Student: 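Next up is a structure, given as structure tokens.
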Amino acid sequence: MLREDLTGQGVYRLSDGKLVKRCNTLHELIHTGETTPSDDATFLDRAGFTPLEQVAGAYTIHVASPDIEVGSAYREGVEGIRYLILATPDPQAHFYIMVGDSLAEYLEILELLKPLAWHKRQALAPQRE
């Protein structure tokens, strides 16, 4: 069940061209009794994801590393996920987008994130008079 008290965060998956919320936090992907770390960076590391690329402070793409041995609880929680994209629309909000091993799905997500990246670049650019 999705909690409404966790505003400004979520974990989404693309479905029929729209982002659909799957859970509130990365930690909810692990359904066993295993204790999950309190911060996302440690979770990503334990789940075998490493940063691949950061785009204009708008989003960071994490990729599943085939070389990292992952515990079974994490393996089940992120099964079929090739990329986890952390989108940061503002300092008080962030969300993750789970992407499988489909190039079409990956490109569709990047297309959805283009306006966010453009806005962040404009905000960081020096203003002309």
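Values below: all heavy atoms of this structure, side chains included; hydrogens, waters and symmetry mates excluded. Note that the structure is a prediction, hence the values are computed from the model and not measured.
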Student: Using the rule side-chain contact (heavy atoms from CB on, under 4.5 Å), only one of I97, D40, V99, L26 pairs with L84; which is it?
Tutor: L26
Student: Just by distance, do the side chain of K120 and the backbone of T88 share a donor-acceptor pair under 3.5 Å?
Tutor: yes
Student: Are side-chain heavy atoms of Y12 and K21 found at a separation under 4.5 Å?
Tutor: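 Yes; the side chains approach each other to less than 4.5 Å.
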Student: Just by distance, do the side chain of T60 and the backbone of Q54 share a donor-acceptor pair under 3.5 Å?
Tutor: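 Checked: no pair found.
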Student: If you define the side chain from C-beta out and look only at heavy atoms, does anything of P51 sit under 4.5 Å from I61?
Tutor: no
Student: Tell me whether the rings of H62 and Y96 are parallel (<30°), tilted (30 to 60°) or perpendicular (>60°).
Tutor: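 It falls in the tilted class, 30° to 60°.
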Student: If you measure only the distance, is there a donor-acceptor pair under 3.5 Å linking the side chains of T42 and D45?
Tutor: no
Student: Measure the CZ-CG distance between F49 and L86 for me, rounded to the nearest 0.5 Å.
Tutor: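 The distance works out to 13.0 Å.
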Student: Quick one, M98 and I85 - any side-chain contact, counting heavy atoms below 4.5 Å?
Tutor: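 No, too far: nothing below the 4.5 Å cut-off.
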Student: Do F43 and F95 belong together in a cluster built from hydrophobic side chains that touch within less than 4.5 Å?
Tutor: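 The answer is no; the residues belong to distinct hydrophobic clusters.
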Student: With a 4.5 Å limit on heavy-atom distance, are the side chains of I81 and E79 in contact?
Tutor: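 Counting from C-beta outward, I81 and E79 never come under 4.5 Å.
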Student: Between L116 and A58, which heavy-atom pair has the shortest distance, and what is it?
Tutor: CD2-O, 3.6 Å
Student: The test is side chain to side chain contact (heavy atoms under 4.5 Å, CB included); show your working for D101 and Y106 and say whether it passes.
Tutor: CA-CA 8 Å; D101 203 14; Y106 179 76; over 6 Å; no
Student: Flag the pair R13 and E105 as a salt bridge only when some basic side-chain nitrogen lies within less than 4.0 angstrom of an acidic carboxylate oxygen.
Tutor: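 Yes.
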Student: Could you measure the distance from the CD1 atom of I30 to the CZ atom of R46? Nearest 0.5 Å is fine.
Tutor: 10.5 Å
Student: Okay, side chain of E28, backbone of N24: is any donor-acceptor separation there less than 3.5 Å?
Tutor: yes
